[in-house]
Amino acid sequence: MRSMTPPTVLLARSFLAALADPAHPAGARAASAYRELVERYRRTERRLRARSDPQSEVAPADEVRQQLFAPVETIHVAGQHHRAARRLELPVEVDHDTALTLVVLRRERIAEVATFAPDLAEFDLQTLP
């Protein structure tokens, strides 16, 4: 019997920042949501992924990234992603980081995002927490 890849959750910059900083105002909510996501990952109900650039920015030390983000697969962002983000025509104005996230979501066929940023709520995505 062939196993199917579980649905993916993209951990967005705002979520990663709250998770990596215990003093962040949304830190407790991020930690709680992440614990639940990791449990779903362990039960192979969810796949956890994040763009490489926010991971490196919010947890610059390799050992922190390796421990905190151990179950998170990295999506490497290339120049083609940035070019596609600059060319996106959207019904609302968004910053480059949001446009880049939207490009990654589309290319990777991801429909669920862990975020604290309100700008992604404008799109047809399931947002957490």
Side-chain angles (χ1 to χ4, degrees):
M1 187 169 162
R2 200 177 95 182
S3 66
M4 294 188 48
T5 303
T8 298
V9 176
L10 181 76
L11 308 182
R13 179 184 305 274
S14 60
F15 186 84
L16 294 171
L19 185 60
D21 180 5
H24 192 284
R29 285 180 56 214
S32 176
Y34 189 61
R35 278 191 297 276
E36 183 179 321
L37 286 170
V38 169
E39 260 319 299
R40 295 175 84 184
Y41 164 81
R42 286 186 180 136
R43 294 189 308 258
T44 64
E45 296 172 358
R46 286 293 181 274
R47 182 177 179 196
L48 306 178
R49 300 184 76 195
R51 287 183 10 220
S52 57
D53 47 331
Q55 273 185 305
S56 296
E57 291 168 17
V58 303
D62 283 341
E63 57 275 359
V64 173
R65 277 199 314 275
Q66 289 171 359
Q67 290 177 0
L68 182 61
F69 302 140
V72 180
E73 296 173 43
T74 301
I75 299 172
H76 296 280
V77 176
Q80 64 181 334
H81 294 99
H82 288 280
R83 286 188 296 279
R86 285 191 295 273
R87 290 192 303 261
L88 267 185
E89 293 181 18
L90 300 168
V92 294
E93 185 80 20
V94 297
D95 62 20
H96 182 72
D97 185 68
T98 300
L100 189 56
T101 296
L102 290 168
V103 166
V104 167
L105 289 167
R106 183 181 65 210
R107 289 192 177 182
E108 299 292 327
R109 295 182 178 97
I110 301 171
E112 194 172 11
V113 183
T115 184
F116 290 107
D119 49 359
L120 290 172
E122 297 287 328
F123 302 94
D124 187 24
L125 300 166
Q126 182 177 351
T127 57
L128 306 168

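Note that the structure is predicted; figures quoted are calculated from it, not measured.
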Item to check | Atom pair CZ (Arg86) and NE2 (His96), whose distance is rounded to the nearest 0.5 Å | outcome: 6.0 Å

Item to check | Rounded distance [0.5 Å steps], NE2 in His24 versus CZ in Phe15 | outcome: 11.0 Å

Item to check | Contact check, side chains of Thr101 and Thr98, non-hydrogen atoms, under 4.5 Å | outcome: no

Item to check | Steps toward side-chain hydrogen bond (donor to acceptor under 3.5 Å, both in side chains) verdict (Thr115, Ser14) | outcome: CA-CA 6 Å; Thr115 184; Ser14 60; 2.9 Å; yes

Checklist entry - Do Thr74 side-chain atoms and Ser52 backbone N/O form a donor-acceptor pair below 3.5 Å? => result no

Item to check | Distance in Å, Glu93 CD paired with Asp119 CG, rounded so as to fall on 0.5 Å steps | outcome: 11.5 Å

Item to check | Whether Tyr34 and Phe69 hold their rings parallel, tilted or perpendicular, with breakpoints at 30° and 60° | outcome: perpendicular

Checklist entry - Are the aromatic rings of His76 and His81 close, with centres under 6.0 Å apart? => result no

Item to check | Result of checking Ile75, Val72, Leu11, Leu68 against Gln55 for side chain to side chain contact (heavy atoms under 4.5 Å, CB included) | outcome: Val72

Checklist entry - Honestly curious: do Val38 and Leu10 fall in one hydrophobic cluster under the side-chain, below-4.5 Å linking rule? => result no

Item to check | Straight-line distance of Ser32 OG to Leu37 CG, nearest 0.5 Å | outcome: 9.5 Å

Next on the checklist: Is the shortest side-chain heavy-atom distance between Leu90 and Phe123 below 4.5 Å?
Outcome noted: yes

Next on the checklist: Please find the pair of heavy atoms, one from Ala18 and one from Ala30, that lie closest to each other, and give the distance.
Outcome noted: CB-CB, 3.7 Å

Item to check | Shortest non-hydrogen separation from Pro6 to Arg46 and the atoms involved | outcome: CB-N, 3.8 Å

Checklist outcome for this item: Distance col, row Thr8:OG1 vs Ile110:CD1, nearest 0.5 angstrom, shows 5.0 Å

Checklist entry - Can you pull the salt bridge (charged side-chain N to carboxylate O under 4.0 Å, His left out) pairs that have at least one residue in residues 13-22, sequence neighbours excluded? => result Arg13-Asp53, Arg13-Glu57, Arg13-Asp97

Next on the checklist: For Arg40, give me all partners under salt bridge (charged side-chain N to carboxylate O under 4.0 Å, His left out), at least two apart in sequence or on another chain.
Outcome noted: Glu45

Next on the checklist: Rounded to the nearest 0.5 Å, what separates atom CD in Glu112 from atom CD in Gln126?
Outcome noted: 4.0 Å

